[in-house]
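Step one of this worksheet: look at the structure below.
Both ligands and their constituent atoms are indexed starting at 1 by order of listing.
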Amino acid sequence: MNYIHSTIAQLKTSSPAQCEFYQAVEEVLESLEPILENSEKYKKNAIIQRLVEPERQIMFRVPWVDDEGNIQVNKGYRIEFNSALGPYKGGLRFHPSVNASIIKFLGFEQIFKNALTGLPIGGGKGGANFDPKGRSDAEIMRFCQSFMSELYRHIGPTTDVVPAGDIGVGAREIGYLFGQYKRLTGRYEGVLTGKSLLWGGSLVRKEATGYGAVYFADYMLQARGDSLQGKRCLVSGAGNVAIYAIEKLYQMGATPVSCSDSRGTVYHESGIDLNLIKCLKEQSRDCLSVYKQTHPDAIYISVNDYPKDGHAVWRFNAAAAFPCATQNELTQADASALLSGGCLLVSEGANMPSTKEAIDCFIAAKIAYGPGKAANAGGVATSQLEMAQNASMQSWTFEEVDEKLKQIMKNIFVTANDTATEFGEPGNLLLGANIAGFRRVADAMIEQGVV
Ligand code: GLU
């Protein structure tokens with residue numbers, strides 16, 4: 001445990017006030033105890049000290065002009081965390097909460113997530129403290145163009161493959177970012193993923209994170225002789241991940257009964273109306289409070305009425321929970337409520353959605369718990385499939401990509417599960433995922449020398 005305390009203490013001095021980053025590091029390091037104890041090579045090669053320090057951090061000014069002619073200034077980031085396994089890969093997040101801590105925690109998670117996919121991709125992440133809410137298309141375009149005007153010099157298809165989406169970045173933003181990259185470099189290349197199907201995107205990329213989290217849940221249940229069939233499921237979020245988790249849950253015979261956005265939660269006993277959510281969130285960009293206009297039998301809870309110690313969405317009874325919104329959206333009190341409501345599975349579609357205390361509750365209760373870096377790896381894995389299609393100038397069918405995604409999610413489950421057993425904690429997928437991801441990256445780093 002000493003190295004955890006000393007590493008966090010050093011980080012607090014060298015990178016002050018980065019709570020989310022410390023949280024992500026602590027969670028990984030705690031799991032690594034069994035492997036670090038038994039193997040001198042990681043200590044001798046200072047792997048932990050090197051892993052927690054990004055290879056490169058880029059921070060830049062993003063000036064742009066709003067529709068009223070005012071000059072706005074945001075802060076842009078790209079953290080190139082670790083390239084031992086391949087070019088840096090990871091999405092962009094545009095959200096007012098973005099700061100160095102958030103981007104570093106996401107980049108750190110991405111190293112292990114990408115390693116778990118078994119694909120040749122390193123870890124990186126980027127974003128800006130830009131709030132797309134309420135902005136016109138023209139404003140979004142000007143922001144994206146300004147962001148790319150700085151970023152383009154740091155990225156490339158064999159160095160740093162930037163967006164796919166994350167919060168606030170979807171097909172529209174990727175289109176504007178790609179257009180500006182092409183204009184500045186004169187190159188039409190696969191430097192961005194999550195592209196439109198009209199110009200180099202991959203089928204299933206849009207659905208991949210949500211579908212993947214559900215496939216992962218199904219593999220966890222299969223290993224316990226159970227399935228998703230007939231299960232009532234709580235889902236948080238109403239973005240890309242949540243929407244396609246809901247879609248896949250229906251396809252697998254489960255009933256998703258909730259979703260949420262930044263303003264409130266919808267609970268619909270008979271099952272969430274997926275087409276309505278798609279209309280509200282993918283087309284009219286409305287908030288969920290209007291859901292009740294179509295479905296008066298649904299319950300809507302505004303954030304003002306959430307419990308003081310957590311989130312309303314986790315206070316309903318269900319067999320499974322899919323946190324698909326954002327970091328730390330599921331607290332210890334939420335975890336206890338889920339467990340007393342009969343929840344036997346949590347599959348994380350978002351990055352680090354459960355607090356450390358909530359995770360401890362799930363592990364202690366021995367329910368099926370799929371940590372984000374394993375359960376939501378389907379998104380980035382399908383980004384890599386998009387890169388492979390771009391590089392070979394091919395486009396695969398929906399069925400082909402979906403089959404590969406399923407296989408990747410299965411491999412991640414088997415790897416995490418086998419590793420947990422190998423280290424004496426069968427069923428502890430947090431431990432298994434962290435050790436398996438770490439081992440792949442750390443061994444590659446050792447083979448590549450002190451760089
Ligand atoms: N933002 C997604 C993630 O957290 C996808 C990243 C990507 O496809 O590059 O993994």
Ring centres under 6.0 angstrom apart (Phe108, Phe81):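 Judged by ring-centre distance (under 6.0 Å), Phe108 and Phe81 do meet the cut-off.
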Test of ring centre spacing under 6.0 Å for Phe147 and Phe60: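 When the ring centroids of Phe147 and Phe60 are compared, they turn out to be within the sub-6.0 Å range.
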Contact residues of ligand 1, where a non-hydrogen atom lies under 4.0 Å away: Lys89, Gly90, Gly91, Gln110, Lys113, Lys125, Ala164, Gly165, Asp166, Arg205, Asn351, Gly379, Val380, Ser383
Partner set under side-chain hydrogen bond (donor to acceptor under 3.5 Å, both in side chains) for Arg78, not counting sequence neighbours: Asp160
Leu51 vs Phe112 side-chain heavy atoms within contact, under 4.5 Å: yes
Donor-acceptor contact below 3.5 Å, side chain Glu386 vs main chain Lys195: yes
Test item: side-chain donor near acceptor, Lys248 and Tyr215, under 3.5 Å: yes
